[in-house]
Amino acid sequence: MTFLLTEDQEMLRETAMTFAREELPITHLRTLRNKGANGVDPETRQKLAELGFFGVIIPDEPGGEHFGLVGLGQILEAQGRTLAATPVMQTALIAASALQLGGSPAQQAEWLPKIAGGETTFALAMDESAHFNPLGVATEAERNGQGYTLNGMKRYVPDAHHADMLIVVARTFGEAGDRHGLSLFLVPADAKGVSIQALNTVDSHGAAHVTLEDVMVPEGALIGAADQGADVLEPVLDRAAIGQAAEMLGSAQAAFEMTLEYLQSRKQFGQLIGSFQGLQHRAAKMFTELEMTRSCVAAALSAVDEGKDNVAELASIAKARASDLVHLVSNECVQMHGGIGMTDEADPGLYMKRARVQEAMYGSASWHRDRYARLNGY
């Protein structure tokens, strides 16, 4: 099956690739890293907003561009190539999807234009342990006279240290591990009772632990129906996994090209190391894995836009393959560069560090293989 971009999507891809190459090169991440910015980059956020990148999956009526998830995938792939730290994943993909899939008309009218215009950024506060576990939520949301009171802690929340709003996954019924009883809430990051502990992450993108102590939110903060939050959360996480796979594809492609260039320029024993058959075989392995993963990601992106009923399966295929790919290519990139690949001044190490985070985000390869098996009754 062939997946072709529309003319508008192709133009968006070219714009995204050019922007990432010229405005967000790997040197930009190094500059932020050396400043201790922890992924916080207001200037880039403003430029992304001016390009309309935050609104690509939002229909035109609320102010978005609406290129679909295929279009947003091109932006994420471009940013993956240069390891760019931006709010696009959390805000333009996850938050916009959650509001479109479960938000009330009032919530959509208020927040979608602000997302599209880059006025407000979001972070999904879900996990409570060191591993991805969407149903393992123990954070409590108890009804009070005017809404809900939230108590609990969220661990490693990407973008929470500089987000304006949080989408908090809490339990209004049952116990951790139950699908029924989850609910999603819009919570201002500066609300009373919200504490945010910024984390310095190995990939220099940053994240935070979020503590909720008697945080009061009104009834209108609930996204979707109470106790039925999993019906919104699961398709949102499918989209997140697909978007993450697109970003990982970009990272792997850039690391592969960097490695290929080195193989064609580095000499050893009087010969280009790219002439060694053993290294040629390893390069061919990376190339074939890249092409297979590209097809998986394209299929998953298209399935969301076309409303197909196998999005969950394709999301798990794309994320599992992309996780394996970025692990392989980042390792080979470092190893084939030899000793220099291990130095902090060289780029291969940055790609390997980011790869380890990407692999864990929104489910590891093994998590998604297990899920795919469950979905198919194995």
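- Residues Thr172 and Ala226 share a closest heavy-atom pair of OG1-C, 4.4 Å.
- Transitive grouping of hydrophobic side chains (ILVMFWY, heavy atoms separated by less than 4.5 Å) keeps Leu325 and Tyr372 in distinct clusters.
- Under the 4.5 Å side-chain heavy-atom criterion for grouping Ile, Leu, Val, Met, Phe, Trp and Tyr, Met258 is not connected to Val326 through any hydrophobic cluster.
- Lys353 contributes no side-chain N or O that, together with a main-chain N or O of Ser204, makes up a donor-acceptor pair within less than 3.5 Å.
- Ring geometry, His337 versus Tyr262: the interplanar angle falls under 30°, so the pair is classed parallel (tilted spans 30 to 60°).
- Contact check on Lys308 versus Glu313 returns no salt bridge, with no Lys/Arg side-chain nitrogen under 4.0 Å from an Asp/Glu carboxylate oxygen.
- A salt bridge is defined here as a Lys NZ or Arg NE, NH1 or NH2 lying under 4.0 Å from an Asp or Glu carboxylate O, and Asp159 with Arg45 fails to meet this definition.
- A salt bridge does not link Asp41 to Lys47: none of the charged side-chain nitrogens sits closer than 4.0 Å to a carboxylate oxygen.
- A distance-only check finds no donor-acceptor pair linking the side chain of Asp227 to the backbone of His180 [under 3.5 Å].
- Listed for the Lys319 side chain is no donor-acceptor partner under 3.5 Å among the backbone atoms of Ala245.
- The structure places NE2 of His161 at 4.5 Å from CG of Asn38, a figure rounded to the nearest 0.5 Å.
- Interatomic distance, OG of Ser183 versus CD1 of Ile223, reported as 10.5 Å (0.5 Å rounding).
- A salt bridge links Arg179 to Glu234: one of the charged nitrogens lies within less than 4.0 Å of a carboxylate oxygen.
- Counting only distance, with no hydrogens or angles, the side chain of Gln108 and the backbone of Leu99 share a donor-acceptor pair below 3.5 Å.
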Check step by step if side-chain contact (heavy atoms from CB on, under 4.5 Å) holds for Gln197 and Thr211. CA-CA 8 Å; Gln197 176 192 354; Thr211 303; over 6 Å; no
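- Rounded to the nearest 0.5 Å, atoms CG (Leu233) and CG (Asp238) are 9.5 Å apart.
- A donor-acceptor contact closer than 3.5 angstrom is absent between the side chains of Thr6 and Asp8.
- Under the 4.5 Å side-chain criterion, counting only non-hydrogen atoms from C-beta, Arg13 is in contact with Glu77.
- In terms of modelled atom types and a separation under 3.5 Å, the side chain of Asp347 and the main chain of Ile26 share no donor-acceptor contact.
- Side-chain contact between Phe122 and Ile94 is absent, with no heavy-atom pair separated by less than 4.5 Å.
- Thr91 contributes atom OG1, which lies 6.5 Å from atom CD1 of Ile115 (distance to the nearest 0.5 angstrom).
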Using the rule given for salt bridge (charged side-chain N to carboxylate O under 4.0 Å, His left out), can you reason through Asp203 versus Arg33, listing the C-alpha separation, both sets of side-chain angles and the distance that settles it, and then say yes or no? CA-CA 9 Å; Asp203 62 347; Arg33 182 172 178 259; over 6 Å; no
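- Checked by atom type, the side-chain pair Ser330/Arg354 shows no donor-acceptor distance below 3.5 Å.
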Evaluate side-chain contact (heavy atoms from CB on, under 4.5 Å) for Val304 paired with Leu314, printing each intermediate quantity in order.
CA-CA 9 Å; Val304 173; Leu314 291 174; over 6 Å; no
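- Ring geometry for Phe276 versus Phe269: interplanar angle of 30 to 60°, hence tilted.
- The environment of Ile340 atom CD1 is sparse: at most 12 non-hydrogen atoms of other residues, nucleotides or ligands sit within 6.0 angstrom.
- Inspection of the Thr139 and Glu128 side chains reveals an N or O donor paired with an N or O acceptor under 3.5 Å.
- Contact of the Met165 side chain with the Ile167 side chain is not registered, since no non-hydrogen atoms from C-beta on lie closer than 4.5 Å.
- Linking ILVMFWY residues whenever their side-chain heavy atoms come closer than 4.5 Å, directly or via other members, places Trp111 and Val236 in the same cluster.
- Side-chain contact between Pro158 and His205: absent, with no pair of heavy atoms (C-beta onward) separated by less than 4.5 Å.
- With contacts defined as side-chain heavy-atom distances shorter than 4.5 Å, the pair His28/Thr82 does not qualify.
- Surrounding CD of Gln268 are more than 12 heavy atoms belonging to other residues, nucleotides or ligands, all under 6.0 Å away.
- Within 6.0 Å of the CE atom in Met292, the count of heavy atoms belonging to other residues, nucleotides or ligands exceeds 12.
- Hydrophobic cluster membership is shared by Leu69 and Leu101, with clusters built from Ile, Leu, Val, Met, Phe, Trp and Tyr side chains linked at under 4.5 angstrom.
- A distance-only check finds no donor-acceptor pair linking the side chain of Gln90 to the backbone of Ala95 [under 3.5 Å].
- At a cut-off of 3.5 Å, with distance as the only test, no side-chain donor of Lys35 or Thr31 sits close to an acceptor on the other residue.
- No hydrogens or angles considered: a donor-acceptor pair under 3.5 Å links the side chains of Glu247 and Gln358.
- Side-chain polar atoms of Asp214 and Thr149 form no donor-acceptor pair below 3.5 angstrom.
- Ring-plane geometry between Phe53 and Phe19 is classed as perpendicular, the angle between the planes exceeding 60 degrees on a 0 to 90 degree scale with a lower cut at 30.
- Using a cut-off of 4.0 Å between Lys/Arg side-chain N and Asp/Glu carboxylate O, Glu345 and Arg30 are scored as not salt-bridged.
- Linking ILVMFWY residues whenever their side-chain heavy atoms come closer than 4.5 Å, directly or via other members, leaves Val157 and Met153 in distinct clusters.
- The number of heavy-atom neighbours closer than 6.0 Å to CD of Glu213, taken from other residues, nucleotides and ligands shown, is 12 or below.
- Around atom CD of Glu291, more than 12 heavy atoms belonging to other residues, nucleotides or ligands sit under 6.0 Å away.
- Side-chain atoms of Thr86 and Gln79 include a donor-acceptor pair closer than 3.5 Å.
- Residue Leu150 holds its CG atom at 6.0 Å from CG of Leu212, rounded to the nearest 0.5 Å.
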- Query: Which is it for Glu289 and Arg321 under the side-chain contact (heavy atoms from CB on, under 4.5 Å) test, yes or no, and what are the steps along the way?
  - Reply: CA-CA 8 Å; Glu289 292 296 327; Arg321 289 210 64 95; 2.7 Å; yes
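- Smallest separation of non-hydrogen atoms from Phe54 and Ala92: O-CB, 3.6 Å.
- Rounding to the nearest 0.5 angstrom, the gap separating the CE atom in Met89 from the CZ atom in Arg239 is 13.0 Å.
- Side-chain contact between Gln100 and Pro59 is present, with at least one heavy-atom pair separated by less than 4.5 Å.
- Within the 4.5 Å cutoff, side-chain heavy atoms of Gln107 are placed close to those of Leu186.
- Counting heavy atoms of neighbouring residues, nucleotides and ligands inside a 6.0 Å radius, atom CD of Glu50 exceeds 12 of them.
- In this structure, His131 places its NE2 atom where only 12 or fewer heavy-atom neighbours from other residues, nucleotides or ligands lie under 6.0 Å away.
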Between Glu257 and Arg81, does the side-chain contact (heavy atoms from CB on, under 4.5 Å) criterion hold? Intermediate values first, please. CA-CA 10 Å; Glu257 291 173 2; Arg81 290 181 67 94; 2.7 Å; yes
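- With hydrogens and angles left out, the side-chain atoms of Asn133 and Asp127 include no donor and acceptor closer than 3.5 Å.
- When side chains are defined from C-beta on, Leu5 does not count as touching Phe67, because their heavy atoms never get closer than 4.5 Å.
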